[in-house]
Amino acid sequence: MRQTIDLLKAHNELKIITEPLDVELEIPHLAYLEVKHKNSKALLFTNPVDRARQISYETPVLMNLFGSFSRVQLLVGDTQGIAQEVAELIKLKPPKSLKEALKIAPKMLNLRFLAPKTIKEKGLCQEVISRGAEVDLSTIPILKTWSEDGGRFITMGQCYTQSLDGSVRNLGMYRLQVYDKNHLGLHWQVHKDSVSLLEEYHKANKKMPVSIAIGGDPLYTWCATAPLPYGLFELMLYGFIRKNRAKMVRCVSNELCVPYDADFVIEGFVEPSAMREEGRFGDHTGFYTPIEPYPVLEVSAITHKKNPIYLATVVGKPPLEDKYLGFPTERIFLPLLQTTTPNLIDYYMPENGVFHNLILAKIKARFPHIAQQSMHAFWGVGQMSFVKHAIFVGENAPSLQSAEIIPYILNRFSVQNCLMSEGVCDALDHASPSFAQGGKLGLDCTREDEIESTLEFASEEQLYKILSEILRVSGEVKCVRQIYQDTRNPIVLVGIDKKESLKKAFLALEQANLESLPSADIESLQRFLRIVVIVDFAKNDLENLYMLLWRVVNNTDAKRDIKIIGKTLLLDACDKGLCDDYMREWPKETDCTREILDKLERLGLLSDFGDLESFYRTFHIDKSYDSKM
């Protein structure tokens, strides 16, 4: 980490914060704002404190390390070049001549770097060792990010585990809740590889060794997030990218190995049958996840460098550091995804789509319904199986990251090309009626010639009257905005003061109940409306499309919340409750604490942000985004 700090300084990518700031909320809030700034820097907090416990930490805190594309390139490498190497490796064929063999020899020689090597001597991460009664997690400046978090959480821990026989090694990144001086909650979600490994130990009635490394080469941290297939050790990617084998050292209290140059290592064992309530936690969805039982790590040793740096991140509403961490993953794993989806050209997971909630994909539309085939391929592969909304476009489409992609999609939208499905979803998804299971929507927008354009123009005033009548059984329409009016299928945004489930209004439309809904309104729906998105008026600014997309894809379960009436798609992106037969707890959003923001401003730490109130409203930083509540 010290070398990383020097590298960041040399490239003007670091801000040093000398003001004593609290590990509870103050440090995370400043990092949360910084990553959203257009000239975002990494932040090194040299004087972290814990005022409640009257602790001044000697260990600095580093945040927003990966919080820009320039820093990702600096720390991970040439992403496009790495992706090209992966693609070439996948396509390698046995050489037919000596000339061909000599040509591919350098690529084959690079494979010698894949396997990590274990050194016999102590690592830099073991310069200071605490065991048994000496173990105390409070000596590390672990952060509490959000006011309603269940405690303090390690947020950039590299979690090392292995199978019972040691044949499978795994590296992942999970949040880790601090319960006390020597116990951590492990947020191992049901679909994760670590849970599969834990089951082996449970069947054998043995404790499972777990080690958490923090810091060291930044590439270790990125590797921990990489979605490799089960059985492939993530640090193989380190060797592939660095062209140097990862150097490992054996832990002092369990049989696992960790990077020799990590700043901190937390070692211990998990009793497979013991669970403990973990959470709440303000997660990368921008919402708090609920309190649920998860495994517990009993810490047996903590080791660290003599002058360590504590690496942390903050998650919440986009854009955040995971936007940039996800970019090399997206690029490097494209060639691998193309092996299971051969017609795939490119894909993009917008950060305000919270990755699994929305994906855009470009394919070669060689035959009818190939998009549907590709949708099923996506939903059947690894972490892509968690994707809730998938939009597929043809090879003539503009860049998936360009502004032109939306008109392209809307000019090819048709309800006939909507595929509704269901399956597994991210355990963090709150919109689904059941845990980790919900609806999925796929849109085939590859062909324009099949789309019938019969939509008539209506002003927003006309649309307000039509929708007020259609939705009146569910609530009062407060505002209507029509966007992309120059396309074949404009989107109509509706802000509603919801009183009852929108299912009532949808059902009336579906049944064309003339007593409750005049037939003229049904005719108007078909004449003037193709895509209607309904949101809570009190929580949304219909002018802020970035945050509106974030909320819509978060709040939608396709099977429950999308209704197709004739040629019109209606989408209910409102909060859900008992009136919607939603029996789970609808979560709160990750809003910053205003008192902390005001303090940071008084200390002069927000002077680079310009108009703060405008900045807060743009990114829904705190309750100031909601002027109607």
Could you tell me which residues satisfy ring-ring contact (aromatic ring centres under 6.0 Å, His included) with His389, sequence neighbours excluded, listed by chain and number?
-> none
Would you say Thr339's side chain and Leu336's backbone share a donor-acceptor pair under 3.5 angstrom?
-> yes
Thr161 and Asp193, any side-chain heavy atoms less than 4.5 Å apart | no
Keeping the roles fixed (side chain from Gln437, backbone from Ser432), state whether a donor-acceptor pair exists under 3.5 Å.
-> no
Contacts satisfying side-chain hydrogen bond (donor to acceptor under 3.5 Å, both in side chains) that involve residues 363-377 (not counting sequence neighbours) are Asn343-Arg366
Between the side chains of Thr289 and Arg175, is a donor N or O closer than 3.5 angstrom to an acceptor N or O?
-> yes
Report the C-alpha distance between Val315 and Thr590 in whole Å, list the side-chain angles of each, state the deciding distance to 0.1 Å, and finish with yes or no for side chain to side chain contact (heavy atoms under 4.5 Å, CB included).
-> CA-CA 9 Å; Val315 291; Thr590 53; over 6 Å; no
If only atom types and distance count, is the side chain of Asn352 paired as donor or acceptor with the main-chain N or O of Trp550 below 3.5 Å?
-> no
Partners of Tyr484 by ring-ring contact (aromatic ring centres under 6.0 Å, His included), sequence neighbours excluded?
-> none
Does Cys125 reach the side chain of Asp261, with side-chain heavy atoms less than 4.5 Å apart?
-> no
Which pairs would a plain distance check flag for residues 71-85, meaning a side-chain donor or acceptor within less than 3.5 Å of a matching protein atom at least two apart in sequence or in another chain?
residue, atom, partner, partner atom, Å
Arg71, NE, Asn64, O, 3.3
Arg71, NE, Leu65, O, 3.1
Arg71, NH1, Glu13, OE1, 2.9
Arg71, NH1, Ser40, O, 3.0
Arg71, NH1, Ser68, OG, 3.3
Arg71, NH2, Asn64, O, 2.9
Arg71, NH2, Gly67, O, 3.4
Asp78, OD1, Gln80, N, 3.3
Asp78, OD1, Gly81, N, 3.2
Gln84, NE2, Glu88, OE2, 3.3
Glu85, OE1, Lys243, NZ, 3.1
Glu85, OE2, Lys243, NZ, 3.4

Please name all residues satisfying salt bridge (Lys or Arg N to Asp or Glu O under 4.0 Å) with Glu321, sequence neighbours left out, ordered by chain then number.
-> none
Minimum side-chain heavy-atom gap Asn357-Asp429 below 4.5 Å | yes
Is there a donor-acceptor pair closer than 3.5 Å between any side-chain N or O of Lys36 and the backbone N or O of Pro318?
-> yes
Derivation of the side chain to side chain contact (heavy atoms under 4.5 Å, CB included) call for Asn544 and Arg617 = CA-CA 9 Å; Asn544 188 342; Arg617 291 179 66 84; over 6 Å; no
Could you verify whether a donor N or O on one side chain and an acceptor N or O on the other, from His356 and Asp426, lie under 3.5 Å apart?
-> yes
Take atom CD in Gln3; do more than 12 heavy atoms of anything else shown fall under 6.0 Å from it?
-> no
Quick one: do Leu549 and Leu358 satisfy side chain to side chain contact (heavy atoms under 4.5 Å, CB included)? Show the steps, please.
-> CA-CA 10 Å; Leu549 175 64; Leu358 174 66; 4.1 Å; yes
Cut-off 3.5 Å, side chains only: do His430 and Asn555 have a donor facing an acceptor?
-> yes
Between Arg412 (side chain) and Tyr408 (backbone), is there a donor-acceptor pair under 3.5 Å?
-> yes
Indicate every side-chain donor-acceptor pair of residues 221-232 with a distance under 3.5 Å to a residue at least two apart or in another chain.
residue, atom, partner, partner atom, Å
Trp222, NE1, Leu325, O, 3.4
Trp222, NE1, Thr329, OG1, 3.1
Thr225, OG1, Trp222, O, 2.6

Residues that Asn12 engages under side-chain contact (heavy atoms from CB on, under 4.5 Å), provided they are two or more places apart | Lys41
For residues Pro319 and Tyr546, determine if any side-chain heavy atom of one lies less than 4.5 Å from a side-chain heavy atom of the other.
-> yes
Lys362 (side chain) donor-acceptor with Leu400 (main chain) under 3.5 angstrom = no
Beyond-backbone contact of Tyr160 with Arg169, side-chain heavy atoms, under 4.5 angstrom | no
Less than 4.5 Å apart, any side-chain heavy atom of Phe386 and any of His191?
-> yes
Who passes ring-ring contact (aromatic ring centres under 6.0 Å, His included) against Tyr324, sequence neighbours left out?
-> Phe69
Sequence neighbours left out, what passes salt bridge (Lys or Arg N to Asp or Glu O under 4.0 Å) with Lys15? Give chain and number order.
-> Glu34, Asp608
State whether the side chain of Trp146 and the backbone N or O of Asp591 hold a donor-acceptor pair below 3.5 Å, judged by distance alone.
-> no
Classify the side-chain pair Ser399/Gln401 by whether it contains a donor and acceptor separated by less than 3.5 Å.
-> no
Check side chain to side chain donor-acceptor pair (under 3.5 Å) between Lys559 and all other residues, then give those that pass, not counting sequence neighbours.
-> Glu422
If only atom types and distance count, is the side chain of Thr340 paired as donor or acceptor with the main-chain N or O of Leu337 below 3.5 Å?
-> yes
Without swapping roles, check the side chain of Asp283 against the backbone of Thr285 for a donor-acceptor pair under 3.5 Å.
-> no
Could you grab the distance from atom CZ of Phe378 to atom OG of Ser385, nearest 0.5 Å is fine?
-> 12.0 Å
Does the side chain of Met384 come within less than 4.5 Å of Phe333's, by heavy atoms?
-> no
Does the side chain to side chain contact (heavy atoms under 4.5 Å, CB included) test come out yes or no for Tyr294 and Leu186, once each step is laid out?
-> CA-CA 6 Å; Tyr294 279 94; Leu186 305 176; 5.7 Å; no
Side chains of Pro259 and Gln158: closer than 4.5 Å at any heavy-atom pair?
-> yes
Residues Thr487 and Asn489: side-chain donor-acceptor under 3.5 angstrom | no
What residues form a salt bridge (Lys or Arg N to Asp or Glu O under 4.0 Å) with Lys323, not counting sequence neighbours?
-> Glu351
Quick one: list whatever passes salt bridge (Lys or Arg N to Asp or Glu O under 4.0 Å) with Arg2, sequence neighbours left out.
-> none
